Amino acid sequence: MSDAYLQINNLKTHFPVEKGILFRKVTGTVKAVDGVSLRLAKGEVLGLVGESGCGKSTLGRTVLQLIKPTEGTVVLGDRTLTDLDGKELRSARADFQMIFQDPYASLNPRMTVYSMLAESIQAHRKLPKTDLAGEVGALMEKVGLAARFMRKYPHEFSGGQRQRISIARALAGEPQFLVCDEPTSALDVSVQAQILNLMKELQQRYGLTYLFISHDLAVVYYISDDVGVMYLGRICELADTHTLFTRPRHPYTRFLLD
């Protein structure tokens, strides 16, 4: 796809295995991501599935440069993210964000919702302080929360509401690309459906591009245009959602579906 918005080329993320207390010695390598290449068009959703430990989350974090790759490139739009560092990378982060798995761990318990969202807005858009309250309120309403709750702390919200706050924080810089790292796995089943519907609505309304990571095949089937199956750090099968679920070709994909 020459018009791909996201291009991942031969991406590798390896971690050294060390032994010893005083004298550390490298005895091996964990190949968490080992030569992944993917293309994703603007406004589409690519689901990434696989068992725990296959490298899904590491791939997502490497794409966003939260972990520096051992080898390979990530191109988003007209920028090569793997070439950016320091100020350039920080300024580029307005265009790409991450929704983390556990809203209990990803939100600061000492900050109000207003403080968290205002901090994110200021980091990317530099609005006048007089406009912040209105912008925070608009962000909250965008994800289905009442603006009057902005002065509350995370512990005063339910799990689903906290994940809505996490989504609002990710949208604060008006990004075009989101990595969603199992955003519903820590929630009750009924709440999962609400969050999935919200994410689908936001994606369609604003033309967002998602890399959606999950081990739940039903969730991926519902939200994704294409699906990649990850096994031991590599993509073993990639197809449109309907084809992959009805006519899987790789034995590992058939095993997952079974």
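None of these values were measured; they are calculated from a predicted model.
Between the CZ atom of R249 and the SG atom of C236 there is a distance of 12.5 Å, given to the nearest 0.5 Å.
Electrostatic pairing of E174 and R125 counts as a salt bridge here, judged by a charged N lying under 4.0 Å from a carboxylate O.
Residues F96 and P175 form no side-chain contact, since every pair of their non-hydrogen atoms from C-beta on lies 4.5 Å or further apart. With a 4.5 Å cut-off on side-chain heavy atoms, T70 and F15 do not count as touching. Side-chain atoms of L244 and D240, non-hydrogen and from C-beta on, never get closer than 4.5 Å to each other. You'll find the side chain of C54 stays beyond 4.5 Å of the side chain of Y231, heavy atoms only.
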Given salt bridge (Lys or Arg N to Asp or Glu O under 4.0 Å), test R169 with E119 step by step and report yes or no. CA-CA 9 Å; R169 183 179 59 181; E119 182 180 68; over 6 Å; no

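By the salt bridge (Lys or Arg N to Asp or Glu O under 4.0 Å) test, E201 is found to be paired with R205, residues two or more places apart in sequence or in another chain being considered.
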Side-chain donor-acceptor pairs under 3.5 Å in residues 206-223, sequence neighbours left out?
from : atom 1 : to   : atom 2 : distance (Å)
T209 : OG1    : G43  : N      : 2.8
Y210 : OH     : M199 : O      : 2.8
S214 : OG     : D216 : N      : 2.9
H215 : ND1    : E182 : OE1    : 2.6
D216 : OD1    : A218 : N      : 3.0
D216 : OD1    : V219 : N      : 3.3
Y222 : OH     : N197 : OD1    : 2.5

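Ring-plane geometry between H155 and Y153 is classed as parallel, the angle between the planes falling under 30 degrees on a 0 to 90 degree scale with a further cut at 60. Using the six-membered ring where Trp is involved, F149 and F157 have ring planes that are perpendicular, over 60° apart on the 30 and 60° scheme.
Counted by atom type alone, S57 and D181 present one or more donor-acceptor pairs between their side chains at under 3.5 Å.
Sequence neighbours left out, the pairs with a member in residues 87-116 that pass salt bridge (Lys or Arg N to Asp or Glu O under 4.0 Å) are R79-D95.
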